[in-house]
Each structure stands twice: as structure tokens, then as C-alpha cells.
Amino acid sequence: MLFDFGEVKPWIKSRLDAGLDHTLLVPTQAAGVKIEECSEGLHLAAELPFPLELRAPRQGFTLFPWGEITSERLGAHLSTELSKRPPPRVEAIRIRLREELADGAIYRYSHGLKHHKGNCQRIAHGHRSHLRIWRDGKRDSELEMQWAQRLDNGYLVDDADIVGPRRGDDIMRVRYRSEQGKFQLHLPRERCHTLPAPTTVENIAAWLAEQIASSTGAHIRVQAFEGIDKGALAESRGTRTTG
């Protein structure tokens, strides 16, 4: 054996985890984007695809001097960075990014977990997740697609982190302090889903089960995921009313 590539994979993952993973990627030259220093670290204001304002420590951002972020450009950037100081006997590293193939219902969401010890405490990081729903013991792909579309590109927020009015205002204001510093996010309320607890994958599954059971009156079992392989199961039994 000349080289064990099993040694390279964890090396690459550790660099990605310590870099842009769990950060907000910002194309600083895009129209409507403004970023400046503030007491929290950096202040971002963006107009598209919807009004957004974020104040967070610097490690919560990855800034690119580009007008647009594409998978090809991002892959080339990662290849260059990883090849600067490769492991012994490795000449260069090339990264090609591709979108995960859809296998059923998939939705994308962003959130932040203030009590998390790792980088999930950052208020604006995202996941791309599968969703599985069983209705009265049978897998219901229609319900899965319906709720995946409803949640897609949404922000999941713990009710305890909301500041200001809960109703009557078009803007949702989220604020908390974690080990990494102070975070504050403003975005349209219509893009948010409020949970009565921290937005862990376990609580997301439980919240979805309760929401779906209450709307269908059925016994609902939900399997929610955080990324590709970390999942949680929850069940809720709805009640039907007649009159």
C-alpha cells in the first residue's frame, strides 16, 4: 500500500467543519447586500430573496467577494484552500459538489440552538433534510410532500428566543446569547415556524407529529432528520370532533 486514503477523508472533513460548515455564506458583491462591523461582530443587511438583517460573531459568516455563489465556484474555492497545506504525500485535493439525490420528500430549513456546545448555536445555519410520515400506521407520501413544501426554505425558531410582538408585525425578531456571543436575526414572519421548545431534531419531529395529528385527526408518526443520517421519531394521536 502506497497510501491509505482513509487518512485523507477525516482530514478533509475536519477542515470543512472548522471552515464554512455551519456558517452563513455571503456573496458580498451581490445586489442589495451590505455588511459592516458591529458590536456583535458583523452586521449583514440583505434585500433578496427577502429582507433580512443579521448581527452575529464573525465566525458565523463566510464572506466571498462574489456576486453569486454557485456549487462550481464553491468547489473550486474549497479545492484551492485544501490544497494549500495537504497531508503528507498528497499533492492536491479536488472537491466537486453535487446536490443530494432526492429520495422522497426533502425540505431545507435554518435555525440556531443557543444551548448547543458546537457550531449549531449559530443563529443562521441550515440543513437539508428528509421527512417521513406514517398516518394510522401507513406511510403517507402525499402528507410528506405537503409538509416538506410547507417547511421548505423556512426558519424554525424557539418561541423563547422571539423578542417583540408575537403577532401583528410582519417582521420576526429573534435574539439570544450563547457561548460564541450575541446573535440577532430579523426576517419576514411568513418565513418562520415557531416551536414551543428548542429546535432540535427531536423537538421538530414531536412538533410536526402534533401539528399533523391535530389537522388530520389521525395517529401520526413522524421521522425527522438533521442532515442525512441523524434522525428522530415522534408520534401523536389526533382527536376527531363531530357536530
Salt bridge D170-R189, side-chain N to carboxylate O under 4.0 Å: no
Common cluster, V201/I106, ILVMFWY with side-chain heavy-atom separation under 4.5 Å: no
Same cluster (ILVMFWY, side-chain, under 4.5 Å), V174 and L151: no
Closest approach of F225 to Y109 (non-hydrogen atoms, all atoms of both residues): O-OH, 4.1 Å
Reported OG-to-CD1 distance for the pair S71 and I95, which is rounded to 0.5 angstrom: 13.0 Å
Distance, nearest 0.5 Å, that separates NE2 of H127 from CZ of R108: 14.0 Å
CG on L187 to SG on C192, rounded to 0.5 Å: 4.0 Å
Within 6.0 Å of CG in D169, more than 12 heavy atoms from elsewhere: yes
With a 3.5 Å cut-off and sequence neighbours excluded, list the donor-acceptor pairs that the side chains of residues 14-28 form with protein atoms.
| unit_1 | atom_1 | unit_2 | atom_2 | d |
| --- | --- | --- | --- | --- |
| S14 | OG | P10 | O | 3.4 |
| S14 | OG | W11 | O | 2.7 |
| D17 | OD2 | K13 | NZ | 2.7 |
| T23 | OG1 | L20 | O | 2.5 |
| T23 | OG1 | T62 | OG1 | 2.8 |
| T28 | OG1 | F64 | O | 3.0 |

Output side-chain donor-acceptor pairs under 3.5 Å for residues 153-161, partner residues at least two apart or in another chain, one line each.
| unit_1 | atom_1 | unit_2 | atom_2 | d |
| --- | --- | --- | --- | --- |
| Y155 | OH | I123 | O | 2.8 |
| D158 | OD1 | A160 | N | 3.1 |
| D159 | OD1 | R166 | NE | 3.4 |
| D161 | OD1 | K114 | NZ | 2.8 |

Close side-chain approach of R73 and W66, heavy atoms under 4.5 Å: yes
Interatomic distance, M172 atom CE to E190 atom CD [nearest 0.5 angstrom]: 11.0 Å
Nearest heavy atoms of A105 and A148, plus distance in Å: CB-CB, 3.8 Å
Any donor-acceptor N/O pair, S83 side chain to T80 backbone, under 3.5 Å: no
More than 12 heavy atoms of other groups within 6.0 Å of E36 CD: yes
Exercise: do Q59 and N119 side chains pair donor with acceptor under 3.5 Å: no
Min side-chain heavy-atom separation L44-E53 under 4.5 Å: no
Residue pair R128 / E99, side-chain heavy-atom distance below 4.5 Å: yes
Minimal non-hydrogen separation, N203 against A197, with atom names: ND2-CB, 3.6 Å
Validation row: H125, C120 side chains within 4.5 angstrom (heavy atoms): yes
Residue pair L54, Q184: steps toward the side chain to side chain contact (heavy atoms under 4.5 Å, CB included) verdict: CA-CA 6 Å; L54 171 64; Q184 186 174 165; over 6 Å; no
Step-by-step side chain to side chain contact (heavy atoms under 4.5 Å, CB included) determination, R135 to T216: CA-CA 9 Å; R135 176 174 179 165; T216 62; 4.2 Å; yes
Within one Ile-Leu-Val-Met-Phe-Trp-Tyr cluster: I69 and F61, side-chain cutoff 4.5 Å: no
W134 reachable from M145 in the ILVMFWY side-chain graph, under 4.5 Å edges: no
Side chain to side chain contact (heavy atoms under 4.5 Å, CB included) between F50 and R191, intermediate numbers included: CA-CA 9 Å; F50 52 83; R191 305 196 71 91; 3.0 Å; yes
Side-chain heavy atoms of R139 within contact of E144, under 4.5 Å: yes
Contact check, side chains of L113 and Q121, non-hydrogen atoms, under 4.5 Å: no
Trace of the side chain to side chain contact (heavy atoms under 4.5 Å, CB included) decision for W207 with H193: CA-CA 10 Å; W207 174 74; H193 302 276; 3.9 Å; yes
Ionic contact status for R96 with E72, cut-off 4.0 Å: no
Student check: side-chain heavy atoms of Q180 and R122 closer than 4.5 Å: yes
Test item: I12 and L78 side chains (from C-beta on) under 4.5 Å apart, heavy atoms: no
Closest heavy-atom pair and its distance - F183, S178: CE1-OG, 3.2 Å
Shortest non-hydrogen separation from Y107 to I204 and the atoms involved: OH-CG2, 3.9 Å
Nearest-0.5 Å distance that lies between atom CD in Q146 and atom CG in L131: 11.0 Å
Rounded distance (nearest 0.5 Å) linking atom CD of E142 with atom CH2 of W147: 14.0 Å
Heavy-atom closest pair, residues A92 and R94: CB-NH1, 3.5 Å
